[in-house]
Amino acid sequence: MSDKKCGAAFVARDGSESFTCDRDGRHLVHEESSTNTKAVRVPGGALITKPTTGKVSR
């Protein structure tokens, strides 16, 4: 395994948000540990999940 960070970048289509994977070694799920945002590449883009705040808006 390598100690080199992945560095895969994910940017919203409109450029409003972005994150960079900071995992090392081989992996399928990319993650930015500071925000706990995860992403998986899929045809045509990526599926990105962000942690919820636990608050419900009504």
Q: List the atom of V29, the atom of V40, and the distance in Å for their closest heavy-atom pair.
A: CG2-CG2, 4.0 Å
Q) Looking only at atom types and distance, does a side-chain atom of D22 sit under 3.5 Å from a main-chain N or O of G7, one as donor and one as acceptor? A) no
Q: Give the minimum heavy-atom separation between H30 and F10, together with the two atoms involved.
A: CD2-CZ, 3.6 Å
Q | Exercise: identify the closest heavy-atom pair between V11 and G15 | A | CG1-CA, 4.1 Å
Q: Give, for atom CZ of R23 and atom CD of E31, the distance between the pair rounded to the nearest 0.5 Å.
A: 6.0 Å
Q) Looking at E32 and T20, what are the two nearest heavy atoms and their distance? A) OE2-N, 3.5 Å
Q | Which atom of A39 lies closest to which atom of I48, heavy atoms considered | A | CB-CG1, 3.8 Å
Q) CG/N36 to OG1/T52 distance, rounded to the nearest 0.5 angstrom? A) 10.0 Å
Q: Kindly indicate, with the supporting measurements, whether the criterion side-chain contact (heavy atoms from CB on, under 4.5 Å) is fulfilled by H27 and C21.
A: CA-CA 11 Å; H27 54 277; C21 179; 3.5 Å; yes
Q: Could you tell me which non-hydrogen atom of A8 sits nearest to which non-hydrogen atom of R41, and how far apart they are?
A: CB-NH2, 3.6 Å
